[in-house]
Amino acid sequence: MLKAELIGNLGADAVIKSGEGYSFVSMRVANTEKWKDESGAEHSDTVWVDVTYSKTDSALIPFLKSGIKIFVRGYVRLRVYSSEKDRKMKAGITISATEIELCGGSSDNVPRQLIIPETGDIVDVTKFYQANVDTSKWKKTDQGFLVDKAGNQYLLHKDGWVAPVVPQEEEQSTDAKTEQ
């Protein structure tokens, strides 16, 4: 049994897919190592890892957006494939995740302080996009909204996770680009 742990950034939003009679979450995680050689020239090497996750009902799924840094633990598989670009055989790593945690992101899409619109209370948000709001009396499907000082809305999940709300016109323009 091969197990691995990795921390990296999502290359794109996670997607729920179906195959062989079951659904799973699919995502690509990248980690870039940077170094300088003896002459001082900078180098970098990016490794991409495909990740599958069977918990399609996980509360984390809406927060698995491009650029977000995540921690993944799971079982490793090596896959061999033929590259469509250069028609050469290549190898890649796939992790069947048993655990995923948010570690924040380089693009910090959620401010560190948000406001509960109904009360005006200020809520602190950790770098893991977790808000310190008491949601213990909420039902599993309950959601709420927080706002920043500019009036932008953020979705608050029952588990305390916070995510930016994408305006509908932006969502529609993204859908239109996808269809083209």
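Predicted model only: the values in this text are computed from it and were never measured.
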State yes or no: do [X] and [Y] share one hydrophobic cluster built from I, L, V, M, F, W and Y residues joined by side-chain heavy-atom distances below 4.5 Å, directly or via other members?
{"X": "Ile61", "Y": "Val51", "answer": "yes"}
{"X": "Leu6", "Y": "Leu60", "answer": "yes"}
{"X": "Ile7", "Y": "Val49", "answer": "no"}
{"X": "Trp48", "Y": "Phe71", "answer": "no"}
{"X": "Leu146", "Y": "Trp138", "answer": "yes"}

Open item on the list: For the CZ atom on Arg87, are there more than 12 heavy atoms of other groups (residues, nucleotides or ligands in this structure) within a distance under 6.0 Å?
Closed with: no
Open item on the list: Using a 6.0 Å cut-off, check whether atom CD of Glu5 has over 12 heavy atoms from anything other than its own residue.
Closed with: yes
Do the side chains of [Y] and [X] get nearer than 4.5 Å, heavy atoms only?
{"X": "Tyr75", "Y": "Lys3", "answer": "yes"}
{"X": "Met27", "Y": "Val72", "answer": "no"}
{"X": "Val76", "Y": "Ile93", "answer": "yes"}

Nearest 0.5 Å, what's the [atom1]-[atom2] distance between [X] and [Y]?
{"X": "Ser44", "Y": "Glu33", "atom1": "OG", "atom2": "CD", "answer": "10.0 Å"}
{"X": "Glu101", "Y": "Ile70", "atom1": "CD", "atom2": "CD1", "answer": "10.5 Å"}
{"X": "His43", "Y": "Lys36", "atom1": "NE2", "atom2": "NZ", "answer": "11.0 Å"}
{"X": "Lys69", "Y": "Asn31", "atom1": "NZ", "atom2": "CG", "answer": "7.0 Å"}
{"X": "Ile95", "Y": "Asp50", "atom1": "CD1", "atom2": "CG", "answer": "10.0 Å"}
{"X": "Lys88", "Y": "Ser82", "atom1": "NZ", "atom2": "OG", "answer": "11.0 Å"}

At their closest point, which heavy atom of [X] faces which heavy atom of [Y], and how far apart are they?
{"X": "Pro117", "Y": "Val147", "value": "CG-CG1, 4.0 Å"}
{"X": "Val25", "Y": "Lys55", "value": "CG2-O, 4.3 Å"}
{"X": "Gly67", "Y": "Asn9", "value": "O-OD1, 3.7 Å"}
{"X": "Leu78", "Y": "Gly92", "value": "CD1-O, 3.3 Å"}
{"X": "Thr46", "Y": "Ala30", "value": "CG2-CB, 4.0 Å"}

Open item on the list: Determine whether Ile68 and Leu102 satisfy the following criterion, side chain to side chain contact (heavy atoms under 4.5 Å, CB included), listing intermediate values before the conclusion.
Closed with: CA-CA 7 Å; Ile68 296 295; Leu102 296 175; 3.9 Å; yes
Task: Test item: Asp13 side-chain N/O and Ser66 main-chain N/O as donor-acceptor pair under 3.5 Å - done: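 A pair under 3.5 Å: yes.
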Open item on the list: I'd like to know if the side chain of Ser26 and the backbone of Val15 have a donor-acceptor N/O pair within less than 3.5 Å.
Closed with: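 Looks like no, no N/O pair under 3.5 Å.
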- [ ] Begin with the C-alpha distance, continue with both residues' side-chain angles, and end with the deciding distance and a verdict on side chain to side chain contact (heavy atoms under 4.5 Å, CB included) for Leu10 and Val29.
- [x] CA-CA 5 Å; Leu10 289 175; Val29 179; 3.8 Å; yes
